[in-house]
K.L.:
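Have a look at the structure that comes next, please.
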Amino acid sequence: FFSFPIREYYKKIGFEFKNDEEYYSIVEEFNCLYERNIQICELQQDAISVMSFFQMQGYSQFLLSGLNYKHLIKAVNRFKIAKYFEEIVGSKSSDANDKVLNCKKMFRRNKIKHEDAIFIGDTTADYDLAAVMGCRCILTSSGHQTRSILGVKETRIIKELKELKQ
């Protein structure tokens, strides 16, 4: 069920918000629980070897996430992966509704050519963002959404990150 935008996800699972205050109350509760449990999250299998591979091939890598920037940096530092990225961009909003804007700004700052960029993600929202940006996308079914959910999008779907090296 998990999907973006977050407001739509909550609607899918039965929440009906009377107003924004009610919605943001639920978002804050989720974020508190997420922050409390983020330490048990692990990187995808082979993530470091894949990032290292692309770095050694001379590719620039950027980390764009809907996760709050403060939490994202904590995770990046915990896994010691900052060295793989030219820039790390997280959300300033509590519900990740600024991801498209953040992406556009990141592209401008770094002079990224849309035709040269490939998004690697694990949700249909990642695919949708790549489409908005005019970029290619590869999705992995070992993340937030299953292959059957990702399969509604016309893009390459991999099971494991190590497939990116092939």
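Residue indices begin at 1 and follow the sequence shown. Quick note: numbers below take in every heavy atom, side chains included, and nothing from hydrogens, waters or symmetry partners.
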K.L.:
Looking only at non-hydrogen atoms, find the nearest pair between Cys137 and Ala130 and report the distance.
P.N.:
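Heavy atoms only, the tightest pair is CB-CB, 3.7 Å.
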K.L.:
Compare every heavy atom of Lys18 with every heavy atom of Glu22, then report the nearest pair and how far apart it is.
P.N.:
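Looks like OE2-N, 3.1 Å.
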K.L.:
Answer yes or no: is there a donor N or O on one side and an acceptor on the other, between the side chain of Gln55 and the main chain of Lys83, under 3.5 Å?
P.N.:
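Yes: the side chain of Gln55 pairs with the backbone of Lys83.
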K.L.:
So, using ring-ring contact (aromatic ring centres under 6.0 Å, His included) as the criterion, who are the partners of Phe85 when residues are at least two apart?
P.N.:
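Counting only residues at least two positions away or on another chain, Phe85 forms no ring-ring contact (aromatic ring centres under 6.0 Å, His included).
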K.L.:
Under the rule for ring-ring contact (aromatic ring centres under 6.0 Å, His included), what residues qualify as partners of Tyr24, not counting sequence neighbours?
P.N.:
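Once residues adjacent in sequence are excluded, Tyr24 has no partner under the ring-ring contact (aromatic ring centres under 6.0 Å, His included) criterion.
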K.L.:
With sequence neighbours left out, what residues match His71 under ring-ring contact (aromatic ring centres under 6.0 Å, His included)?
P.N.:
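Listed in chain order: nothing, the list is empty.
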K.L.:
Please write out which residues are connected to Ile40 in a hydrophobic cluster, directly or through intermediates, given that two of Ile, Leu, Val, Met, Phe, Trp, Tyr count as joined at side-chain heavy-atom separations below 4.5 angstrom.
P.N.:
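Reading the cluster by chain and number, Ile40 sits alone, since nothing else belongs.
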K.L.:
Given 3.5 Å as the limit, does a donor-acceptor pair link the side chain of Asn19 with the main chain of Glu21, or not?
P.N.:
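Yes; judged by distance alone, with no hydrogens or angles, the pair exists.
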K.L.:
Provide the full list of salt bridge (Lys or Arg N to Asp or Glu O under 4.0 Å) pairs with a residue in residues 67-80, sequence neighbours left out, each pair given once.
P.N.:
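Pairs touching residues 67-80 that pass the test: Glu35-Lys74, Glu42-Arg78.
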K.L.:
In terms of heavy-atom contacts, does OH of Tyr69 have more than 12 from other residues, nucleotides or ligands at under 6.0 Å?
P.N.:
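Counting other residues, nucleotides and ligands, OH of Tyr69 stays at 12 neighbours or fewer.
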K.L.:
Going through the checks in order, is the side chain to side chain contact (heavy atoms under 4.5 Å, CB included) test met by Leu72 and Leu63?
P.N.:
CA-CA 10 Å; Leu72 180 60; Leu63 177 55; 3.9 Å; yes
K.L.:
More than 12 non-hydrogen atoms from neighbouring residues, nucleotides or ligands closer than 6.0 Å to CD on Glu16, yes or no?
P.N.:
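Open.
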K.L.:
Tyr23 and Tyr34: same hydrophobic cluster, using ILVMFWY side-chain contacts below 4.5 Å?
P.N.:
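Yes, Tyr23 connects to Tyr34 through the hydrophobic network.
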K.L.:
Before giving the answer on side chain to side chain contact (heavy atoms under 4.5 Å, CB included), spell out for Ile48 and Ile81 the whole-Å C-alpha distance, their side-chain angles and the decisive distance to 0.1 Å.
P.N.:
CA-CA 8 Å; Ile48 291 178; Ile81 59 173; 4.1 Å; yes
K.L.:
Sort and list the pairs that fulfil salt bridge (Lys or Arg N to Asp or Glu O under 4.0 Å) and have at least one residue in residues 102-120, not counting sequence neighbours.
P.N.:
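Sorted result for residues 102-120: Glu87-Arg109.
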K.L.:
Within the structure provided, determine whether Phe15 and Ile26 are in side-chain contact (heavy-atom separation under 4.5 Å).
P.N.:
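Side-chain contact under 4.5 Å: yes.
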K.L.:
Under 4.5 Å between side-chain heavy atoms, counting indirect links through other Ile/Leu/Val/Met/Phe/Trp/Tyr residues: same cluster for Leu67 and Leu33 or not?
P.N.:
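Cluster IDs for Leu67 and Leu33 differ.
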K.L.:
Find out whether Phe62 and Ile112 are in side-chain contact, i.e. whether some heavy atom of one side chain is under 4.5 Å from a heavy atom of the other.
P.N.:
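In contact.
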K.L.:
Are Leu129 and Cys103 close enough that some pair of their side-chain heavy atoms sits under 4.5 Å apart?
P.N.:
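Sidechains of Cys103 and Leu129: in contact.
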K.L.:
Go through the side-chain N and O atoms of Gln45 and Ser142 and say whether any donor and acceptor fall under 3.5 Å apart.
P.N.:
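No - no donor-acceptor pair under 3.5 Å links their side chains.
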K.L.:
For residues 90-123, which residue pairs qualify under ring-ring contact (aromatic ring centres under 6.0 Å, His included), counting only residues two or more places apart or in two chains?
P.N.:
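Every pair satisfying ring-ring contact (aromatic ring centres under 6.0 Å, His included) with a residue in residues 90-123: Phe107-His114.
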K.L.:
Who pairs with Asn68 by side chain to side chain donor-acceptor pair (under 3.5 Å), at least two apart in sequence or on another chain?
P.N.:
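Here no residue qualifies.
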K.L.:
Considering residues at least two apart in sequence or located in another chain, which fulfil the ring-ring contact (aromatic ring centres under 6.0 Å, His included) criterion with Tyr84?
P.N.:
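ring-ring contact (aromatic ring centres under 6.0 Å, His included) list for Tyr84, sorted by chain: empty.
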K.L.:
Honestly curious: do Ile38 and Val89 fall in one hydrophobic cluster under the side-chain, below-4.5 Å linking rule?
P.N.:
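No, no single cluster joins them.
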K.L.:
If you define the side chain from C-beta out and look only at heavy atoms, does anything of Ser49 sit under 4.5 Å from Lys165?
P.N.:
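With C-beta onward as the side chain, the pair touches.
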K.L.:
Can you measure from OG (Ser141) to CD (Gln145) and round to the nearest 0.5 angstrom?
P.N.:
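The distance works out to 11.0 Å.
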K.L.:
Applying the 4.5 Å side-chain criterion to the ILVMFWY set and letting contacts propagate, would Phe79 and Leu64 be lumped into a single cluster?
P.N.:
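No, Phe79 does not connect to Leu64 through the hydrophobic network.
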K.L.:
Tell me who clusters with Phe54, hydrophobic residues only, linked when side chains sit under 4.5 Å apart either directly or through other members.
P.N.:
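The other cluster members (ILVMFWY side chains, heavy atoms under 4.5 Å, direct or chained) are Val50, Phe53, Tyr59, Ile118, Ile120, Ile138, Ile158, Leu161, Leu164.
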K.L.:
Does atom NZ of Lys92 have more than 12 heavy-atom neighbours from other groups under 6.0 Å away?
P.N.:
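Check fails, neighbour count at 12 or below.
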K.L.:
Which atom pair, heavy atoms only, marks the closest approach of Asn102 to Ser91?
P.N.:
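For Asn102 and Ser91, the tightest heavy-atom pair comes out as ND2-CA, 3.9 Å.
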K.L.:
Under 4.5 Å side-chain heavy-atom separation, chaining through any Ile, Leu, Val, Met, Phe, Trp or Tyr, what else clusters with Leu139? Say none if it is isolated.
P.N.:
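Traced through the cluster, Leu139 reaches Tyr127, Leu150, Ile157.
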K.L.:
Please collect all side-chain hydrogen bond (donor to acceptor under 3.5 Å, both in side chains) contacts where either partner lies in residues 146-163, sequence neighbours excluded, each pair once.
P.N.:
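Only Asp128-Lys153, Thr146-Ser148 qualify under side-chain hydrogen bond (donor to acceptor under 3.5 Å, both in side chains).
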K.L.:
Output yes when a side-chain donor or acceptor of Asp122 lies under 3.5 Å from a complementary backbone atom of Thr140, and no otherwise.
P.N.:
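Not confirmed, Asp122 side chain does not pair with Thr140 backbone.
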